[in-house]
Amino acid sequence: MKLFIPKIIALFIFVFQYTSLFSQQLTPPIHNYSSTSYNAASQNWDIDVNEEGVIYVANNQGLLSYDGQSWELLPLPNGSIIRSVFVYEDKIFTGSYKEFGYWKKDETGKMFYTSLIPKLGKYAMHSEEFWEILEFKGDIYFRSFGAIYKYDHNIIEPVQNVVSNKMIVYKDRLLLALRKKGLYFLDANNELEKLPNQELLEEEMIIDMATQGQDLIIGTRERLYKYNGETFSLYEDSNLLEELKRSELNHIMSFGDDRVLLGTVKNGVINYDSREKTYTVLNRNNGLQNNTVLGFVEKYGNIWLSLDNGIDRIEIDSPVKFYTDDTGELGAVYDLAFHNNKMFLASNTGVYNFVDDELQIIDGAEGHTWNLEILNDTLFVNHNTGTYYVDGNSLIPVETATGSFKISELPYANKEYLISSYTGIRKFSHSSDSIYEIDSLNFPVKNVVFEDENTLWAAHPYEGLYRSGFTGNFTKTSFVEKIAIPDGGNSINTNIFEINNQLAIFNGDHWFKYNSFKDSLEIFEEMKPFRKHKMLLKDVNSYWFSNTENNSLKFTDFNKTIVVAPGSLGNRLVKNYERILKNGDSLYYVALNDGFARIDLNKYINDLENIHVSKPQVKGFFDLDGRFSLENKPVVPYKSSRDLNIYTSFPISGAMGLRYRLRGEDTLSGEVNNGMINLQNLDHGNYELELLAIGPQANIAEKSSFGFSIKPPWYLSNLMKLVYILVFLALIGLVYWFNQLKLKKHQLLLEEKFEKEHQERINNLEKERLVSQINLKRKELANTTMVAAKKNEMLMEIQNELSKDKNSFSNEFKMKHILNKINRAIKNKDEWEVFETNFNELHEDFFKDILKNYPKLTSKDLKLCSYLKMNLTSKEIAPLMGISVRGVEVHRYRLRKKMGLNKKENLTNFLIKNY
């Protein structure tokens with residue numbers, strides 16, 4: 001019992017020392033992929049990678065794949081656990097319980113599984129699980145714990161029914177590690193032949209093997225051996241062997257000429273350098289999700305681990321190393337400093353020193369700390385509770401009236417300083433330990449820069465800049481004026497610096513400089529290339545900046561510029577409080593939100609020459625109805641093109657990101673997020689999608705193109721275009737035909753019009769002729785009537801004269817005979833008939849119409865009506881009727897009466913107007 005207790009104490013001390021040593025060491029970047037991120041089971045049995053860098057993992061729920069953009073889980077048809085995975089050409093071989101086969105993409109990019117069990121034929125398989133797959137001389141070998149099977153891409157046949165733990169190809173031979181029997185190889189007849197000189201391996205259980213140049217590395221649970229092709233030797237590094245005893249070896253990977261990575265069951269990964277005989281351990285204490293490594297593979301400097309819980313990626317030789325405080329005790333780091341061979345960290349929880357990879361808080365330094373400043377070999381601390389300086393491992397107060405942001409040394413003064421505090425500026429004399437408060441500057445000041453020995457610029461945390469003049473050795477102000485930011489610039493987080501002896505102001509977007517002649521700020525032309533870049537560190541002839549948009553870092557000496565992507569620092573910079581510190585020729589320390597990073601700039605620059613950037617590819621093209629073949633240019637129906645999804649593959653590499661640019665009927669560009677590009681409501685036509693891989697220096701390092709087209713809508717299809725052409729031609733024909741009809745009709749109308757006009761001309765001529773004839777007849781009628789009237793008037797005058805002198809004639813009978821002749825001449829019917837005939841020719845149907853209305857009219861009445869129609873006067877009518885004028889008036893009276901006319905109506909007008 002007495003011996004047992006010291007052993008326990010010794011073991012406890014050893015474990016404590018071991019934990020202290022490795023839990024605080026600087027580690028390469030480690031990226032964790034938990035089961036919630038890849039959405040599958042936590043346990044991952046094996047891992048492999050193809051030429052492009054796509055990762056394939058044997059998971060409890062199926063085959064996992066990761067193309068740098070998204071994870072995909074492919075379950076086996078029978079739902080079995082996949083134990084092994086191996087990539088060969090375009091096939092992904094997997095092994096599980098009583099099952100092995102391969103996965104392959106179809107023309108659309110979708111993975112499908114082909115089982116090889118049916119190719120076994122007559123061979124009966126026992127209850128076997130397949131834990132390893134490899135390629136040898138073009139054939140694929142599957143290993144279970146009880147047998148080896150070979151697939152020659154045609155048939156499956158068992159090679160050996162032996163219990164083996166591992167198989168490997170070494171010097172063109174397939175080696176098998178038989179359980180506690182050593183190493184054997186298959187001869188030309190697939191018979192087992194034991195390697196000679198294996199005495200060191202007797203009764204050893206070989207766990208894994210790896211080739212390193214011409215050597216074979218062999219691992220058991222607690223030892224490591226080397227075989228050079230002739231003899232076996234044991235790694236005699238006692239520290240390594242002790243580590244293996246504690247950790248239990250599970251997998252081996254050679255890395256370079258002298259390094260070996262050892263995956264363990266209990267303690268993560270051991271990175272062993274056989275030349276230097278040193279090693280480091282990466283486990284849960286410094287970034288891994290789990291200490292049990294079930295498999296690993298290397299690609300482009302990344303070590304991928306399949307763990308008992310999750311998947312991890314280690315940038316094993318990254319020029320960036322990290323210290324990460326997983327406990328949360330340290331918090332966000334706001335500043336760093338090296339003083340008296342110690343590293344100091346200022347965080348939101350206090351001030352710590354970091355010595356020999358151990359973190360220790362300084363006495364009395366608890367609380368939020370903004371800044372560390374070394375002035376005159378004294379380390380000052382700007383703390384939330386005041387201003388302090390470090391003495392040994394304690395914090396000595398300078399003043400504790402209020403919190404402070406920064407301390408600056410006065411120009412041309414010895415150990416006199418200005419403290420930028422929460423309530424203003426205080427002057428501190430270290431030699432006399434006196435504090436003097438400057439009343440005129442009674443607002444928060446986070447930083448000051450001196451314009452000259454009597455003037456300074458003060459940066460307010462929220463209200464911008466103030467310029468102040470001093471007298472009395474910075475004890476009184478001569479003026480305080482607020483400086484306006486040009487173009488209404490932002491006042492919050494305005495920073496002031498001194499660059500090349502010029503005052504430079506940065507407001508988060510633009511750089512300005514002070515023009516003393518104009519007493520105003522103007523654009524700093526030389527700093528335009530660093531728009532949206534805040535200066536962090538000035539180092540002789542070089543500068544460090546941080547990008548205010550994406551939090552990347554930029555190093556420049558104005559001849560060359562180096563960009564440190566946010567991903568290289570794990571996106572862990574403290575936003576708006578970025579800080580970087582130089583220590584040594586090429587080492588820079590960066591404050592992070594849970595620790596710090598160390599950048600070896602020379603190595604970072606050298607690595608840029610050999611850094612690999614993956615080539616992006618399209619792995620799936622979908623519309624609303626499904627996915628398209630990628631072998632030919634996809635042609636998308638218009639009705640299903642409203643929402644297109646394009647899935648991309650962009651394996652992990654040194655790239656900063658992936659962008660796309662779409663050219664065609666519509667032009668779009670943007671960043672690819674989670675491996676998917678969504679395109680909506682594109683117009684029909686041809687398109688070319690460019691995938692642009694952004695290199696580590698923000699340049700386009702790789703690009704690929706993918707073409708597709710969208711069919712026009714049905715109303716713009718080729719068939720419809722043909723229909724439109726036919727309709728158009730038909731319309732042209734119809735218009736032509738219509739125009740011909742119209743022309744013909746117009747021609748007919750013209751002919752009719754011409755005929756009508758011709759007929760009208762003829763009619764007019766005829767009418768004119770008839771009118772002329774009528775006028776002529778009317779004249780003739782009038783003339784004959786007037787002649788007859790004159791004749792009758794004369795005859796009546798003669799008759800009257802004779803009647804007056806009839807007594808003077810001797811022969812009364814002769815006289816009477818003469819008077820009768822005269823009377824007959826006056827009442828000559830032939831003259832009336834001629835008149836009537838001529839009158840009817842001029843006034844057709846006159847007598848018929850008037851008799852129709854007045855049937856009781858006599859012939860004498862009709863005669864009078866005809867004379868009145870000709871507008872003859874009673875005097876002119878009297879001789880024609882052989883009566884007196886009085887007789888005519890009487891006759892007219894009687895006619896009026898017969899016709900029922902009133903006294904006011906003129907009979908002549910009535911007859912002319914109505915008949």
Between [Y] and [X], is the closest basic N to carboxylate O distance under 4.0 Å?
X: Lys615; Y: Glu52; value: no
X: Asp594; Y: Arg572; value: yes
X: Arg259; Y: Asp317; value: yes
X: Asp273; Y: Lys277; value: no
X: Lys166; Y: Asp208; value: yes
X: Arg83; Y: Glu129; value: yes
X: Lys245; Y: Glu222; value: no
X: Glu128; Y: Lys98; value: no

Could you tell me whether [X] atom [atom1] has more than 12 heavy atoms of other residues or ligands within 6.0 Å of it?
X: Lys299; atom1: NZ; result: yes
X: Asn190; atom1: CG; result: yes
X: Lys194; atom1: NZ; result: yes
X: Asn197; atom1: CG; result: yes

Which pair of heavy atoms, one from [X] and one from [Y], lies closest together, and at what distance?
X: Phe322; Y: Gly570; value: CZ-N, 4.3 Å
X: Ser164; Y: Leu178; value: CB-CD2, 3.9 Å
X: Pro696; Y: Val613; value: CD-CG2, 4.1 Å
X: Asn267; Y: Ser247; value: CB-OG, 3.3 Å

Donor on one side chain, acceptor on other, [X] and [Y], under 3.5 Å:
X: Glu132; Y: Tyr141; result: no
X: Asn290; Y: Asp308; result: no
X: Arg313; Y: Asn302; result: yes
X: Asn44; Y: Asn59; result: yes
X: Tyr88; Y: Asp48; result: no
X: Asn309; Y: Gln289; result: no
X: Tyr660; Y: Thr648; result: no
X: Gln617; Y: Asp67; result: no

Flag the pair [X] / [Y] as yes when their ring centroid distance falls below 6.0 Å, and as no otherwise.
X: Phe112; Y: Trp103; result: no
X: Tyr102; Y: Phe93; result: yes
X: Tyr33; Y: His31; result: no

In terms of the angle between their ring planes, are [X] and [Y] parallel, tilted or perpendicular, with boundaries placed at 30° and 60°?
X: Phe130; Y: Phe142; value: perpendicular
X: Trp131; Y: Trp45; value: perpendicular
X: Phe622; Y: Tyr647; value: perpendicular

4.5 Å side-chain heavy-atom contact, [X] and [Y]:
X: Glu191; Y: Leu186; answer: no
X: Leu294; Y: Leu307; answer: no
X: Ile117; Y: Glu99; answer: yes
X: Thr27; Y: Leu282; answer: yes
X: Phe255; Y: Ile316; answer: yes
X: Tyr235; Y: Lys226; answer: yes

Is there a side-chain contact (heavy atoms from CB on, under 4.5 Å) between Asn39 and Trp71? Walk through the geometry before answering. CA-CA 8 Å; Asn39 198 26; Trp71 291 92; over 6 Å; no
Ignoring hydrogens and angles, tell me if any N or O in the side chain of Tyr184 forms a donor-acceptor pair with the backbone of Leu195 under 3.5 Å. no
Before giving the answer on ring pair (Phe, Tyr, Trp, His ring centres under 6.0 Å), spell out for Trp304 and Phe296 the whole-Å C-alpha distance, their side-chain angles and the decisive distance to 0.1 Å. CA-CA 5 Å; Trp304 290 86; Phe296 46 26; over 10 Å; no
Using side-chain contact (heavy atoms from CB on, under 4.5 Å), reason through Asn286 and Thr324 one step at a time and then give a plain yes or no. CA-CA 7 Å; Asn286 47 31; Thr324 304; over 6 Å; no
In this structure, which one of Asn678, Ile677, Leu691 forms a side chain to side chain contact (heavy atoms under 4.5 Å, CB included) with Ile646? Ile677
Evaluate Leu63 against Val57 for side-chain contact (heavy atoms from CB on, under 4.5 Å), listing each step before the verdict. CA-CA 6 Å; Leu63 177 66; Val57 184; 6.0 Å; no
Between atom OG of Ser233 and atom CG of Asn228, what is the distance when rounded to the nearest 0.5 Å? 7.0 Å
Run the side-chain contact (heavy atoms from CB on, under 4.5 Å) check on Tyr272 and Asp237 step by step: do they pass? CA-CA 10 Å; Tyr272 179 67; Asp237 188 332; 3.0 Å; yes
